[in-house]
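Data first, discussion second: the structure below is written as structure tokens.
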Amino acid sequence: MSQPSAAGSMPSAFAEEWANDPREPLPLVGDERELLTRYLDHYRETLLLKCTGVPPESLSERTVPPSGLTLHGLLRHLAGVERWWFRIQLAGEAVPLLYYSDDDPDQDFDSLDGDPAEALAVWRAECARSREIAAAMELDGTGTHARTGRPVSLRRVLIHLLAEYAQHCGHADLLRERIDGATGH
């Protein structure tokens, strides 16, 4: 955390901001729900920024060998994560998994023959449905954790998604910089 220097001014060496950043500044205070949901939306918007302006063929390009990660794959993966945690586990919706089967569990990253624009649309739809589910629940409201059959709370899911997006936005930073040199947080 940056602190004012002895003279009271802020240090000049801050991470570079994303050019024309459309994201609203994150709140410095707020209740738990506001902070959790605003931070999660900030990470969602960060992923979108990292994909914006990239030619479709570059979204599927594996630019950091030996890793198989791509921006297209991250969109597919996070659409599946949103569906898994919010729709399937919290809301109990009987919807199929996205980009996954027991025979091919890594479809999200390995099978990039689909249209990146379609993956973006699916991810946006899953995020919108996740927001609806979260808005309708109390933080202590629960769904059923699929692996254990035990209750899982909205609070726990929000924290998990924050960690998931933070990790993958770091990946997206590296991928985008390799594609066209664009950087920013």
Side-chain angles (χ1 to χ4, degrees), residues 16-24 37-136 143 146-147 157-158 160-185:
E16 181 181 336
E17 296 290 326
W18 195 257
N20 302 314
D21 189 346
R23 297 171 298 174
E24 289 187 31
T37 58
R38 289 281 305 277
Y39 267 79
L40 180 53
D41 276 337
H42 185 81
Y43 276 121
R44 289 169 173 149
E45 292 166 5
T46 299
L47 179 67
L48 181 59
L49 276 174
K50 298 299 177 178
C51 295
T52 300
V54 175
E57 63 278 2
S58 294
L59 288 170
S60 300
E61 188 178 341
R62 290 176 171 91
T63 59
V64 187
S67 171
L69 291 178
T70 66
L71 292 171
H72 183 184
L74 287 174
L75 286 169
R76 290 165 55 110
H77 174 71
L78 289 167
V81 167
E82 294 270 356
R83 178 175 283 201
W84 173 252
W85 284 100
F86 286 96
R87 294 181 70 182
I88 295 172
Q89 295 188 100
L90 283 178
E93 294 180 9
V95 293
L97 296 173
L98 290 173
Y99 315 115
Y100 176 90
S101 72
D102 288 339
D103 294 335
D104 189 5
D106 296 320
Q107 292 174 26
D108 46 1
F109 292 114
D110 292 345
S111 303
L112 298 177
D113 50 351
D115 181 6
E118 180 183 320
L120 177 62
V122 169
W123 173 76
R124 282 182 162 154
E126 291 301 325
C127 290
R129 182 67 185 120
S130 295
R131 286 184 195 98
E132 291 171 0
I133 292 165
R147 287 199 179 119
V157 169
L158 290 171
H160 177 83
L161 268 281
L162 281 166
E164 182 97 14
Y165 270 92
Q167 176 185 21
H168 291 312
C169 282
H171 297 139
D173 285 339
L174 294 171
L175 294 168
R176 179 62 188 264
E177 187 173 8
R178 292 286 296 171
I179 290 169
D180 64 7
T183 60
H185 67 90

Checklist entry - Would you call D106 and Y100 a side-chain contact if the rule is heavy atoms closer than 4.5 Å? => result no

Checklist entry - L97 and R83: side-chain contact (heavy atoms from CB on, under 4.5 Å), yes or no, with the steps? => result CA-CA 7 Å; L97 296 173; R83 178 175 283 201; 5.9 Å; no

Next on the checklist: For K50, is there any backbone N or O sitting under 3.5 Å from a side-chain donor or acceptor partner on R176?
Outcome noted: yes

Checklist entry - side-chain contact (heavy atoms from CB on, under 4.5 Å) between T46 and R23: does it pass, once the steps are laid out? => result CA-CA 8 Å; T46 299; R23 297 171 298 174; 2.5 Å; yes

Next on the checklist: Quick one, P22 and L49 - any side-chain contact, counting heavy atoms below 4.5 Å?
Outcome noted: yes

Item to check | Evaluation steps, side-chain hydrogen bond (donor to acceptor under 3.5 Å, both in side chains), between Q167 and Y43 | outcome: CA-CA 10 Å; Q167 176 185 21; Y43 276 121; over 6 Å; no

Item to check | Least distance between heavy atoms, Q89 atom then A146 atom | outcome: OE1-N, 2.7 Å

Next on the checklist: Using 0.5 Å steps for rounding, measure from the OG1 atom of T37 to the NE2 atom of H42.
Outcome noted: 13.5 Å

Checklist outcome for this item: Closest non-hydrogen contact found for L78 with E164 is CD2-CG, 3.7 Å

Next on the checklist: I'd like to check R44 versus D41 (side-chain heavy atoms, cut-off strictly below 4.5 Å). Are they in contact?
Outcome noted: yes

Checklist outcome for this item: Between the CD atom in E118 and the CG atom in L75, the distance rounded to the nearest 0.5 Å is 12.0 Å

Item to check | Worked verdict on D173 versus T183 for side-chain contact (heavy atoms from CB on, under 4.5 Å) | outcome: CA-CA 7 Å; D173 285 339; T183 60; over 6 Å; no

Checklist entry - For the residue pair A182 and D180, what are the closest heavy atoms and their distance? => result N-OD1, 3.0 Å

Next on the checklist: Under the criterion side-chain contact (heavy atoms from CB on, under 4.5 Å), I'd like the reasoning laid out for T70 against E61: C-alpha separation, chi angles, the key distance, then a yes or no.
Outcome noted: CA-CA 6 Å; T70 66; E61 188 178 341; 5.8 Å; no

Checklist entry - Can you check whether Q107 reaches R76 side chain to side chain, under 4.5 Å on heavy atoms? => result yes

Checklist entry - Counting only heavy atoms not in E24, do more than 12 fall under 6.0 Å of its CD? => result no

Checklist entry - Roughly how far, to the nearest 0.5 Å, is the CG atom of D110 from the OH atom of Y99? => result 14.0 Å

Item to check | Side chain proximity check, Y39 to L158, heavy atoms < 4.5 angstrom | outcome: no

Item to check | Any side-chain heavy-atom pair of H72 and P56 under 4.5 Å | outcome: no

Checklist entry - Any Lys/Arg nitrogen of R129 or E126 sitting under 4.0 Å from an Asp/Glu carboxylate oxygen of the other? => result no

Next on the checklist: Taking the side chain as everything from C-beta on, heavy atoms only, tell me whether L69 gets closer than 4.5 Å to L174.
Outcome noted: no

Checklist outcome for this item: The reported gap from CZ in R131 to CZ in F86 (rounded to nearest 0.5 angstrom) is 9.5 Å

Item to check | Where G68 and R62 come nearest, the two heavy atoms and their spacing | outcome: O-NE, 3.2 Å

Item to check | Least distance between heavy atoms, L59 atom then P116 atom | outcome: CD1-CB, 3.7 Å

Item to check | Sub-4.5 Å side-chain heavy-atom contact between L120 and C51 | outcome: no

Checklist outcome for this item: Distance col, row L48:CG vs W123:CH2, nearest 0.5 angstrom, shows 5.0 Å

Next on the checklist: Using a 6.0 Å cut-off, check whether atom CZ of R38 has over 12 heavy atoms from anything other than its own residue.
Outcome noted: yes

Next on the checklist: Once you measure the plane-to-plane angle for H168 and H77, does it fall in the parallel (<30°), tilted (30-60°) or perpendicular (>60°) bin?
Outcome noted: perpendicular

Checklist outcome for this item: Closest heavy-atom pair, I179 versus S58, reported as atoms and distance to 0.1 Å, is CD1-O, 3.5 Å

